[in-house]
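Order of the sequence lines sets the chain letters (A, B, ...), proteins ahead of strands, with each chain counted from 1. As the structure is a computational prediction, the values presented were derived from the model and not from experiment.
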There are 2 protein chains.
Amino acid sequence: MSKHAKEMEGLKEHLGKHQLKFTRQRELILDAFLKQEHITAEEMYHQLARKDPHLGLATIYRTLNLFCEAGLAQARHFGTQTQYDNVSHKGHHDHLICTDCGKIVEFENCDIERLQEEVAARNGFTIQTHRLELYGLCSRCRH
Amino acid sequence: MSKHAKEMEGLKEHLGKHQLKFTRQRELILDAFLKQEHITAEEMYHQLARKDPHLGLATIYRTLNLFCEAGLAQARHFGTQTQYDNVSHKGHHDHLICTDCGKIVEFENCDIERLQEEVAARNGFTIQTHRLELYGLCSRCRH
DNA sequence: TTGAAATTGATAAATCGTCTCAAAAAGAAT
DNA sequence: ATTCTTTTTGAGACGATTTATCAATTTCAA
């Protein structure tokens, strides 16, 4: 049995609700995805090339987008590419990004999240997801 | 004299510091940009086609990116396109975005900004800029 | 096992933004 | 004002990323 049984069940549930099918490729991609903090489609394509040389790039894109709809992943544009963040194993996390060296630090902050809810409620919105990115210089690059 | 004299001066100052030139196109694009809350390069291309049918799309991209460097604009990925936000006339603002109808509500929240500074400091970062986007359903689309 | 419906893989195509480069414009020096 | 150097422009080519197409395959319920 897979190490990611719980998430696998979550995916199957989503598939069932939407008349989608559980395939070998989706299982393979989910397994690889859950080992990552964030990954691009291209990176995953190369990672999985050994396990399944015939796995197509289009399938990876389709599947990562499926994960987003299922709430396991979240797409984020960084540079020219789309990063797919793993949001399945922990609460939502945000990013501190060094504009000089590209270093990424992940963090969570409940107070900020609570204030976000307040702002949304004040404007009649129901939050589904959010994105918070802080850009600046890390301690090393400040000098 | 233009309605946007102050911002025009700000741009000229940036141009002077970087050995760049003040051109008719940059003036035209700045004038159009400052009337917007946010705009894409493509939208601006169509808006300005009447005033100057020969204005090229590449020039618009180049100029909007210039505005980003000058601190008048801020680029933001939304969907597949890049939105250029007007940040010249007010402090930094964040976005509430309806995932259904695309409606965008802008807001500011000092408390959130303060917490962001705390998080950054705790991780040794000095914030230059940030981006906060809340995605959800607006009151109309929730039903 | 069968059959309808969904998925896949390969590649074409679309999209978006940047690069190229000759011609034009800006702005400093004369 | 004219000249000269540097920057900018416009048009389209180009590159990178993602999506669409479609015949062949796979899933899964009956």
Side-chain angles (χ1 to χ4, degrees), chain A residues 8 11-33 38-70 73-85, chain B residues 8 11-33 38-70 73-85:
Chain A
M8 204 67 81
L11 176 62
K12 281 185 179 172
E13 191 184 319
H14 176 87
L15 296 174
K17 278 183 188 162
H18 295 79
Q19 291 162 289
L20 303 173
K21 295 177 177 176
F22 186 74
T23 65
R24 184 180 58 77
Q25 288 88 341
R26 285 175 178 169
E27 180 173 18
L28 185 65
I29 294 171
L30 179 59
D31 232 33
F33 177 70
H38 44 79
I39 195 169
T40 65
E42 198 74 34
E43 282 167 5
M44 177 159 286
Y45 182 62
H46 287 116
Q47 273 192 24
L48 292 180
R50 269 180 285 171
K51 290 196 175 179
D52 182 351
H54 293 293
L55 185 59
L57 185 55
T59 299
I60 297 192
Y61 273 108
R62 281 187 292 236
T63 305
L64 288 173
N65 287 334
L66 169 69
F67 292 171
C68 289
E69 282 154 26
Q74 186 172 320
R76 168 174 56 92
H77 294 280
F78 186 57
T80 63
Q81 290 192 299
T82 300
Q83 291 279 345
Y84 291 86
D85 294 346
Chain B
M8 204 66 80
L11 176 61
K12 282 185 179 173
E13 191 182 320
H14 176 87
L15 296 175
K17 278 183 188 163
H18 295 79
Q19 291 163 288
L20 303 173
K21 294 176 177 177
F22 185 74
T23 65
R24 184 181 58 78
Q25 288 88 341
R26 286 176 177 167
E27 180 173 16
L28 185 66
I29 294 171
L30 180 58
D31 231 34
F33 177 70
H38 44 79
I39 194 169
T40 65
E42 199 74 36
E43 283 166 5
M44 178 160 286
Y45 182 63
H46 289 117
Q47 275 193 22
L48 291 180
R50 269 181 285 169
K51 291 197 175 180
D52 181 352
H54 293 294
L55 185 60
L57 186 54
T59 299
I60 296 190
Y61 274 108
R62 281 187 292 235
T63 305
L64 289 173
N65 287 334
L66 168 68
F67 291 171
C68 289
E69 282 154 27
Q74 188 170 319
R76 169 174 56 91
H77 294 279
F78 182 57
T80 63
Q81 291 192 299
T82 300
Q83 291 278 346
Y84 290 87
D85 295 344

### Message
Just to be sure I understand the rule, does B:Glu42 reach a base, reach only the sugar-phosphate, or reach nothing, if contact means heavy atoms closer than 4.0 Å?
### Response
nothing

### Query
Residues two or more places apart in sequence or in another chain: which of them pass side chain to side chain donor-acceptor pair (under 3.5 Å) with A:Glu43?
none

### N or O in side chain of B:Thr82 less than 4.0 angstrom from C:dG17 OP1/OP2
yes

### Task
Let me know the distance between CD of A:Glu69 and P of C:dT7, rounded to the nearest Å.
11 Å

#### Entry: Nucleotide D:dT21, atom P - distance to OH of A:Tyr61 in whole Å
18 Å

### Query
Considering all heavy atoms of both residues, which atom of A:Leu55 and which atom of A:Gln25 are nearest to each other, and what is their separation?
CD1-CG, 3.6 Å

### Task
Using the test side chain to side chain contact (heavy atoms under 4.5 Å, CB included), find all partners of B:Gln83 that sit at least two apart in sequence or belong to another chain.
B:His38, B:Thr40, B:Arg76, B:Phe78, B:Asp85

### Task
Sequence neighbours left out, what pairs pass salt bridge (charged side-chain N to carboxylate O under 4.0 Å, His left out) with at least one residue falling in residues 14-26 of chain A?
A:Glu13-A:Lys17, A:Arg24-A:Asp52

## Note on the structure
When the rotation axes relating C1' atoms of four end pairs to the next four are compared across the helix from C:dT1-D:dA30 to C:dT30-D:dA1, five pairs an end, they differ to 10° by 40°

### Task
Specify the separation, in whole Å, of atom CG of B:Asp52 and atom P of C:dA25.
12 Å

### Query
In chain order, what residues pass the side chain to side chain donor-acceptor pair (under 3.5 Å) check against A:Glu42, with sequence neighbours excluded?
none

### Message
Are A:Thr59 and A:Ile29 packed together at the side-chain level, in the sense that at least one heavy-atom pair is separated by less than 4.5 angstrom?
### Response
yes

### Task
Write down the distance between CE (B:Met44) and P (C:dC16), rounded to a whole number of angstrom.
17 Å

### Residues forming a side chain to side chain contact (heavy atoms under 4.5 Å, CB included) with B:Ala58, sequence neighbours excluded
B:Arg62

### Task
Quickly work out the B:Tyr84 OH to C:dT18 C1' distance and round it to whole Å.
10 Å

### Query
A:Ala49: what forms a side chain to side chain contact (heavy atoms under 4.5 Å, CB included) with it, not counting sequence neighbours?
none

### Query
Want to settle it: does B:Gln81 or A:Arg26 sit nearer the 5' end of DNA chain C, counting the closest nucleotide to each?
A:Arg26

### Shortest side-chain distance from B:Thr80, nucleotide among D:dT9, C:dC16, D:dT18
C:dC16

### Message
Ignoring hydrogens, what is the shortest heavy-atom contact between A:Leu48 and A:Ala32? Give both atom names and the distance.
### Response
CD2-CB, 3.8 Å

Which pairs, protein N/O on one side and nucleotides 10-14 of chain C N/O on the other, fall under 3.5 Å?
{"unit_1": "C:dA10", "atom_1": "OP2", "unit_2": "A:His54", "atom_2": "O", "d": "3.4"}

Under 3.5 Å, which N/O atoms of the protein pair with N/O atoms of nucleotides 4-6 of chain D?
{"unit_1": "D:dT6", "atom_1": "O2", "unit_2": "B:Lys21", "atom_2": "NZ", "d": "2.5"}

### Query
In whole angstroms, how far is the P atom of D:dT27 from the CZ atom of A:Arg24?
8 Å

### Task
Round to a whole Å and report the spacing from CD of B:Gln83 to C1' of C:dG17.
15 Å

### Query
Rounded to the nearest Å, what distance is computed from the CG atom of residue A:Leu28 to the C1' atom of nucleotide C:dT8?
13 Å

### Partner set under side chain to side chain contact (heavy atoms under 4.5 Å, CB included) for B:Thr82, not counting sequence neighbours
B:Ala75, B:His77, B:Tyr84

### Summary
ring-ring contact (aromatic ring centres under 6.0 Å, His included) pairs touching residues 40-67 of chain B, sequence neighbours excluded, are B:Phe33-B:Phe67

